[in-house]
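FYI, the numbering just counts along the sequence from 1.
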Amino acid sequence: MTPDLRELVELATSLAVEAGRMVRDGRAERGIAEANTKSSATDMVTEFDRASEALIVGGLLRERPHDSIIGEEGTNTDGSSQVSWLIDPIDGTTNFLYGLPGYAVSIAALTGEGTQVGVVYVPSADELFSATLGGGARLNGLPIACSTTGDLALALVATGFSYSAER
């Protein structure tokens, strides 16, 4: 049975926004009490990463108990359906930790045919990016598209840094 992409994107949207607002407001109200490292000295995890993942996983299990779930903070739940969820509960934890706006909550749904749904919520800007396979991408519900520039010198191709200094 093919999953209903509209239902999947609505679920991911609801959970990403709820989790994003929770971490944004929690940090503003209480600050960060716990921050630890994972794979390197700059790969951080906070109590908000864990709480965000718990909120998202709980929502997914409640609505789609037969799906598989993999979360960055350790969730690894096998399911019997054809849908698998991938969660980054705070994508950009270092920015979050330092009070910078460049962090998001990211959720994707995959099947054997590939990624079906992707949702990224940026709490500091209240921006919700969403996409479905074959359905295009949206920002806060409005269609978005890539630049039509054909000149690579005028295009932003990628940004980011690895946790490993050698890379």
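The two atoms that bring Leu8 and Pro3 nearest to each other are CD1-CB, 3.7 Å, heavy atoms only. Of all heavy-atom pairs spanning Ile144 and Arg138, the tightest one is CG1-N, 3.8 Å. Between Leu11 and Gly59, the shortest heavy-atom distance links the atoms CD1-O, 4.5 Å. Ser52 approaches Val105 most closely through the heavy-atom pair OG-CG2, 4.3 Å. In terms of heavy-atom proximity, Val9 sits nearest to Ala131 at CG2-O, 4.4 Å. Between Val119 and Ala16, the shortest heavy-atom contact is CG1-CB, 3.8 Å.
In this structure, Thr149 contributes its side chain and Ala155 its backbone to no donor-acceptor pair below 3.5 Å. Under the 3.5 Å distance criterion, the side-chain polar atoms of Glu63 are left unmatched by any main-chain donor or acceptor of Leu61. The closest donor-acceptor contact from the side chain of Glu72 to the backbone of Pro89 lies at 3.5 Å or more, if one exists at all.
Of the options Asp49, Leu55, Val57, a side chain to side chain contact (heavy atoms under 4.5 Å, CB included) to Glu53 is made by Val57 and by none of the others.
The environment of CG in Leu152 is sparse: at most 12 heavy-atom neighbours from other residues, nucleotides or ligands sit within 6.0 Å.
Looking at Val122 and Ser124, their side chains come closer than 4.5 Å, going by heavy atoms from C-beta outward. With a 4.5 Å cut-off on side-chain heavy atoms, Trp85 and Ile56 do not count as touching. Using a 4.5 Å heavy-atom cutoff, the side chains of Val17 and Arg21 are in contact. With contacts defined as side-chain heavy-atom distances shorter than 4.5 Å, the pair Asp67/Leu60 does not qualify.
Residue pairs satisfying the salt bridge (Lys or Arg N to Asp or Glu O under 4.0 Å) criterion with at least one member in residues 3-15, sequence neighbours excluded, are listed as follows: Asp4-Arg6, Arg6-Glu10.
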Side chain to side chain contact (heavy atoms under 4.5 Å, CB included) evaluation trace for Thr93 with Phe48: CA-CA 9 Å; Thr93 298; Phe48 292 104; over 6 Å; no
Asn140 vs Phe129, side chain to side chain contact (heavy atoms under 4.5 Å, CB included): CA-CA, chis, key distance, verdict: CA-CA 6 Å; Asn140 293 337; Phe129 295 86; over 6 Å; no
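In this view, Asp91 and Ser106 satisfy the side-chain hydrogen bond (donor to acceptor under 3.5 Å, both in side chains) rule, not counting sequence neighbours.
Residue Ile70 shares its hydrophobic cluster (ILVMFWY side chains chained together at separations under 4.5 Å) with Leu86, Leu110.
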